[in-house]
Protein chains: 2
Amino acid sequence: MSDDQYSSYSFLLDRTAKRVKQYAQQRFTELGFNVTVDQWIVLKHLYEHDNMKQNELAELLFKDNPTLTRIIDLLCDKGLTVRNVHPTDRRSFVVNLTKEGIRKVEQLTPKVKAIRLKAWEGLSERDFNQFKKILDTIYNNLG
Amino acid sequence: MSDDQYSSYSFLLDRTAKRVKQYAQQRFTELGFNVTVDQWIVLKHLYEHDNMKQNELAELLFKDNPTLTRIIDLLCDKGLTVRNVHPTDRRSFVVNLTKEGIRKVEQLTPKVKAIRLKAWEGLSERDFNQFKKILDTIYNNLG
DNA sequence: TAATAACTATTAGTATAACAACTATTTTGG
DNA sequence: CCAAAATAGTTGTTATACTAATAGTTATTA
């Protein structure tokens, strides 16, 4: 493939990732979810793996520590999460959902799924597997 | 495809787009390019389509006006672009590369291509076409 | 033509992202 | 055991993204 043809991959990738996030955020706002897409991702993972250290959570979500610190700050301000001291390492906090945080995740999960599915209309499982293979290859090439 | 399986597309997409940008930015910094990835994209498009109004440029690059205003501010501070008044519409500016801006684009273009190509190792033109088809479909589904 | 609407760019405010620097801890190695 | 290195989290800075608001200009239309 020619260099020029190839160079457009980053443009396509960036454009699409931006629109996917933008679309979700707009639905979130319209529907009064009162969380951002990134805050939602943190909540969802906490629902599935509660009691995680911040740096474990950051690694899982491919976010760096400062970014996660600030997202957790906002979630704590909203009363959806709490920081608890780590039982054996006083440098660390473990992050937990509050009751309200748990309720929020349970309320929003099916709605978020519906929003996410919109993007995939007209595409097949075969497409998904191709898509995954290519994205993983790019990801690993740059790792 | 199941909802859950499907839901991971946005994660894969976001993760990969982030790494592609981050990888490029790290190489840019290492090699002393002295521009960000987004600033580079603006410079490159100005090289190919000079004398554009800011809002035309913003639309072409999928950036909003405030974002583009600030990128242009930074590029002007660096002496790489200038704003000129639009000949017939005093609300608008047209943006042009300076001589230094032109030199910068010509110097960096082959280096940027090499950086971009790294991601695509082990992938074929067939993969690229699949990739493009899927990304375009997602993009249009949400448009 | 005059009032209104639409448009262009900017500014302000909040959120995310990356990096560097810092504090407080814990771990390591001599 | 103690000094040095590593680690966890926070804070600061810069850049980008999105929304809302604003000033200045142009287009519309009553």
Side-chain angles (χ1 to χ4, degrees), chain A residues 14-30 33-43 52-78 81 83-95 142, chain B residues 10 14-30 33-43 52-59 61-78 81-95:
Chain A
D14 197 58
R15 181 182 80 157
T16 306
K18 211 186 290 183
R19 179 167 282 189
V20 164
K21 188 166 186 178
Q22 189 180 2
Y23 176 81
Q25 186 59 60
Q26 281 169 356
R27 294 298 83 70
F28 278 31
T29 301
E30 262 175 32
F33 288 5
N34 197 31
V35 288
T36 66
V37 171
D38 293 276
Q39 289 165 17
W40 166 254
I41 290 166
V42 172
L43 290 177
M52 291 189 78
K53 285 167 60 181
Q54 286 190 198
N55 64 347
E56 292 169 347
L57 193 53
E59 194 183 3
L60 193 66
L61 302 178
F62 301 94
K63 297 188 180 297
D64 60 12
N65 282 343
T67 299
L68 190 66
T69 288
R70 281 157 184 143
I71 294 175
I72 300 289
D73 285 347
L74 292 168
L75 290 173
C76 288
D77 289 348
K78 290 181 180 182
T81 61
R83 285 185 173 94
N84 295 309
V85 294
H86 191 280
T88 61
D89 186 343
R90 285 193 297 165
R91 290 170 304 182
S92 293
F93 293 110
V94 290
V95 186
L142 304 181
Chain B
S10 58
D14 198 56
R15 180 182 80 156
T16 305
K18 208 186 292 182
R19 180 167 282 188
V20 165
K21 189 166 184 177
Q22 190 179 2
Y23 176 81
Q25 186 60 59
Q26 281 170 355
R27 295 297 84 69
F28 278 32
T29 301
E30 263 174 31
F33 287 6
N34 198 31
V35 288
T36 66
V37 171
D38 294 276
Q39 289 164 16
W40 167 252
I41 290 166
V42 172
L43 290 177
M52 291 189 77
K53 284 167 61 179
Q54 286 191 197
N55 62 349
E56 292 169 346
L57 192 54
E59 192 183 5
L61 301 179
F62 301 93
K63 297 189 179 298
D64 56 16
N65 282 342
T67 300
L68 190 66
T69 290
R70 280 161 182 138
I71 294 176
I72 300 291
D73 284 347
L74 291 168
L75 290 172
C76 288
D77 288 348
K78 292 181 180 182
T81 62
V82 285
R83 287 184 172 94
N84 295 308
V85 293
H86 190 281
T88 61
D89 186 343
R90 284 193 297 166
R91 289 171 303 185
S92 293
F93 293 110
V94 291
V95 186

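Only a predicted model underlies this, so the values are computations on that prediction, with no experimental measurement involved. Here is the naming used below: chain letters follow the sequence lines, and residue numbers restart at 1 for every chain.
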At 4.0 Å (heavy atoms only), tell me whether [X] reaches a base, stays on the sugar-phosphate, or touches nothing.
X: A:Glu56; answer: nothing
X: A:Asp64; answer: base
X: A:Leu68; answer: nothing
X: A:Ser92; answer: sugar-phosphate
X: B:Thr36; answer: sugar-phosphate
X: B:Gln25; answer: nothing
X: A:Asn65; answer: base

Salt bridge A:Asp64-A:Arg70, side-chain N to carboxylate O under 4.0 Å: no
Measure from [atom1] on [X] to [atom2] on [N] and round the result to the nearest Å.
X: A:Gln22; N: D:dT19; atom1: CD; atom2: C1'; answer: 12 Å
X: A:Leu57; N: D:dT10; atom1: CG; atom2: C1'; answer: 16 Å
X: B:Leu75; N: D:dA15; atom1: CG; atom2: P; answer: 11 Å
X: B:Asp77; N: C:dT10; atom1: CG; atom2: P; answer: 12 Å
X: A:Ile72; N: D:dG9; atom1: CD1; atom2: P; answer: 10 Å
X: A:Phe28; N: D:dT19; atom1: CZ; atom2: P; answer: 15 Å
X: A:Asp38; N: C:dA18; atom1: CG; atom2: P; answer: 10 Å
X: A:Asp73; N: D:dG9; atom1: CG; atom2: C1'; answer: 10 Å

Hey, is the main chain of B:Gln22 close enough, under 3.5 Å, to the side chain of B:Gln25 for a donor-acceptor pair? no
Please answer whether the main-chain N or O of B:Asp73 pairs with a side-chain N or O of B:Lys78 as donor and acceptor at a distance below 3.5 Å. no
How about CD on B:Gln26, more than 12 heavy atoms from neighbouring residues, nucleotides or ligands closer than 6.0 Å, or not? yes
Closest to the [X] side chain: [options]?
X: A:Arg91; options: C:dT11, D:dA8, D:dT16; answer: D:dA8
X: B:Ile71; options: C:dA12, D:dT10, D:dT16; answer: D:dT16
X: A:Gln39; options: D:dT11, C:dT11, C:dA15; answer: C:dA15
X: A:Arg90; options: C:dA6, C:dT10, C:dT25; answer: C:dT25

Any [X] side-chain nitrogen or oxygen under 4.0 Å from OP1 or OP2 of [N]:
X: A:Lys21; N: D:dA17; value: no
X: B:Thr67; N: D:dT16; value: no
X: A:Arg70; N: C:dT16; value: no
X: B:Asn55; N: C:dC7; value: no
X: B:Arg83; N: C:dT8; value: no
X: A:Gln26; N: D:dC18; value: no
X: A:Lys63; N: C:dA15; value: no

Assign each of A:Lys53 and B:Lys78 to its nearest nucleotide of DNA chain D by heavy atoms, then name whichever residue's nucleotide is nearer the 5' end. A:Lys53
On DNA chain C, compare the nucleotides closest to B:Val94 and B:Asp14; which residue's is nearer the 5' end? B:Val94
Please find the pair of heavy atoms, one from A:Leu74 and one from A:Gln39, that lie closest to each other, and give the distance. CD1-NE2, 3.6 Å
Measure the acute angle between the ring planes of B:Phe33 and B:Phe28, then classify it against the limits of 30° and 60° as parallel, tilted or perpendicular. tilted
So which of B:Lys63, B:Glu59, B:Arg83 actually passes side chain to side chain donor-acceptor pair (under 3.5 Å) with B:Gln54? B:Arg83
Identified side chain to side chain contact (heavy atoms under 4.5 Å, CB included) partner of B:Val42 from the options B:Val35, B:Leu68, B:Thr36: B:Leu68
Looking at five pairs on each end of the helix from C:dT1-D:dA30 to C:dG30-D:dC1, what is the angle between the two axes, given to 10 degrees? 10°
Any non-hydrogen side-chain atom of B:Ile72 less than 4.5 Å from a side-chain atom of B:Cys76? yes
